[in-house]
Amino acid sequence: MIDLHCHILPAIDDGPAIIEQTMAMCRVAVEDGIKTMVATPHFKPGKFDPPTRKEVFDAAELVNKRIREEGLDLKILIGAEVRAAEDIWSYIEENDYLTLNCTGKYSLVEFPLGELPDYWDMVIYELIEKGVRPVIAHPERNAGFIDDPDLLFPVVKSGAILQLTAESVTGERGHGLADISAYLLKNSLVKIIASDSHSADRRRPILSKAVSEASYIIGKREALRMVTTYPELIISGQPI
Ligand SMILES: [Fe+2]
């Protein structure tokens, strides 16, 4: 399986602080059957100090080296979780590492969990028009989409991709998030399930349970595609 959204690089964002914690996450992921993880550190200009390209590449290289030394069947690719802002395109245009696996084709975009900014759909359409397909991170956790999930139909129709968080699908984050996840799955709005993991003990890199749960709703084949075929197309920059 491929995990398209995780915070696994050491000392880059609010994920692991040190490499030993990163390696503990890697072991959990391998145990679950994950073979590829796209590290998606937060990129929120003005909020956190956004990591530089060199910081991200150096951290990923260090982790991949340790993975090889431990003999784990896992590789870490580079991406980012970009906070939506009116000028998001200017950041993405100038920085290839803000697209998933740096292909320039897909970008993981996060909205504030509280109210949706009034320009939210404008930035989605702008990215699509510029040729970068937005993958909307965990819409089931955004208050604006929880209030009105049908807001997502037109943007998905236009080319946006929705990513659910595995723990939302399983109900580990409460019935509310499981219900809205099920609604989005039933309506064929979702293409990706990812862990959004931050550590080995809490918000863990586990996808298999969510695949089982989603299988009840959309069938096993389509649930599996959300952690195999679809993320594979995204990291290779191919159309979905
Ligand atoms: Fe995240």
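Read the numbers this way: they start at 1 and go in the same order the structure lists the ligands and their atoms.
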Hey, can you tell me if His42 and His198 have their rings parallel, tilted or perpendicular (30° and 60° cut-offs)? tilted
Below 2.8 Å, any N, O or S contact between His5 and the Fe ion (ligand 1)? yes
Name of the Asp196 atom (N/O/S only) found closest to the Fe ion (ligand 1): OD1
Asn142 side chain to Phe111 backbone, donor-acceptor under 3.5 Å: yes
Return yes when at least one N/O/S atom of His198 is nearer than 2.8 Å to the Fe ion (ligand 1), and no when none is. no
Lys65 vs Glu61, test: salt bridge (charged side-chain N to carboxylate O under 4.0 Å, His left out). Steps then yes/no. CA-CA 6 Å; Lys65 185 167 169 273; Glu61 193 182 310; over 6 Å; no
Under a 4.5 Å cut-off applied to non-hydrogen side-chain atoms, are Phe153 and Lys157 in contact? no
Output yes if Glu81 passes the N/O/S-under-2.8 Å test against the Fe ion (ligand 1); output no otherwise. yes
